[in-house]
Amino acid sequence: MKITNLTVWQHELELRESYSYAGTTLTHIPTVIVRLRTDAGLEGWGETCPLGTTYQPAHAGGAIAAINEMAGAIVGGSVLPRQLSVRMDSALEGHRYAKAALDIAAWDILGKSAGMPLNQLLGGALSDPVQSYYAIAPLAPDEAVRIALDRVADGYQALQLKIGSSDLEQDCETVRRVWESVPRSVSIAADANRALLVEETLHLSRNLADVPIAIEQPCSTAEEMRSLKGRLHHPLYWDESTTSPSVVLEALGQGYCDGFGMKLTRVGGITPMLGVRDMAVAKGVKLSVDDSWGGDIIAAACAHVGSTVPPKLFRGTWICRPYLSGSYDQNDGIVVENGQITLPDRPGLGICPDANLFGEPVIRMEA
Ligand SMILES: [Mg+2]
């Protein structure tokens, strides 16, 4: 089955309200949407949404430029994901986050070709619905507690508290107060999104030594993260530092981390994510399967892959839908209900984006 047509759009996600992490506040977030068509008459959808320009070394304009560079190697070739991956690598080094959108679209087509929802194609869901978690922006304790209790009442069993604002003592107090307020069954990760120094991370962990949380990506560089080994009172999760499967392999092999906040597009899409999942499972460490941001396409891809992680090791799939006012698929968009995501049961990703929402394409190529 060959790819006959590539179309790419840039689309602005519509936020219900601004989104904040680690000193950054975003009011609009551009995403990049990809559609592949094949000579078998099937089409597949992919997406990559790097969350602005400073969350990681990626941005929407960069994804479009990278896809444009690879377009000639994509159109006319096989849609099978591993073969597509080789062709993309032969045209452009790196840029995993851009290649991820094509990989996701290829898997969507594969699922449709097989007549199977993606999770079945990947070997079968181990959970359905899929657990999600809710991320709470850096806030003063009272406000964070109020939101945490509301979300737990909604059904969420896992919370992520964004820390790394300018006031570390307030961050410590917020984490402690939220943990004291919610049922013990609710798991909590404190995520600094790279905003803390090593010294501040050690202080935070000492201050909260009696509070059973996990600390997620406190520091900016992999070197700083590695230096935390054996010095914390809490499990350490890596997120932004896991820039490739080889980094994951090193972090697991050397025992630098106790779990991951894993992003599908950062490692290059569904194909490399399956390897990351299997490495984490083999080592017995927890992981989430989510992404930096994105609409229904990313949400569906993450939920399908997340469903294949053994529940004991699964931190959940975070999706943006609770923060968005719109959906790409008016009938079957991906939603969180009672803190969980029900897997789409149609073949492939199981969603039908409405291309009319996206305006004029920025790339269009036919074989
Ligand atoms: Mg994170």
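Just follow the structure's listing: the first ligand is 1, and inside any ligand the first atom is 1. No experiment lies behind these values; they were computed from the predicted model shown.
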- Query: What pairs meet the salt bridge (charged side-chain N to carboxylate O under 4.0 Å, His left out) rule with one or both residues in residues 69-78, with sequence neighbours excluded?
  - Reply: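 Every candidate salt bridge (charged side-chain N to carboxylate O under 4.0 Å, His left out) pair involving residues 69-78 fails, so no pair, neighbours aside, qualifies.
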
Among residues at least two apart in sequence or on other chains, which ones pass side chain to side chain contact (heavy atoms under 4.5 Å, CB included) with Thr25?
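Counting only residues at least two positions away or on another chain, Thr25 forms a side chain to side chain contact (heavy atoms under 4.5 Å, CB included) with Ser18, Ser20.
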
* Apply side chain to side chain contact (heavy atoms under 4.5 Å, CB included) to Asn5 and list each qualifying residue two or more places apart in sequence or on a separate chain. =>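 Side chain to side chain contact (heavy atoms under 4.5 Å, CB included) list for Asn5, sorted by chain: Thr7, Arg37, Glu366.
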
Should the ring pair His11 and Phe358 be called parallel, tilted or perpendicular, given that the plane angle runs from 0 to 90° and is split at 30 and 60?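 Correct class here is perpendicular.
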
task = If the plane angle is over 60° it's perpendicular, under 30° parallel, otherwise tilted; pick one for Tyr323 and Trp318.
result =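 Aromatic pair Tyr323/Trp318 classed tilted.
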
(message) So, at under 2.8 Å, which protein N, O or S atoms would a careful student list around the Mg ion (ligand 1)?
(response)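 Asp191 OD2, Glu216 OE2, Asp239 OD2, with waters left out.
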
**Prompt:** Among Gln217, Gln56, Lys162, whose side chain to side chain donor-acceptor pair (under 3.5 Å) with Asn193 holds?
**Reply:**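 That would be Lys162.
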
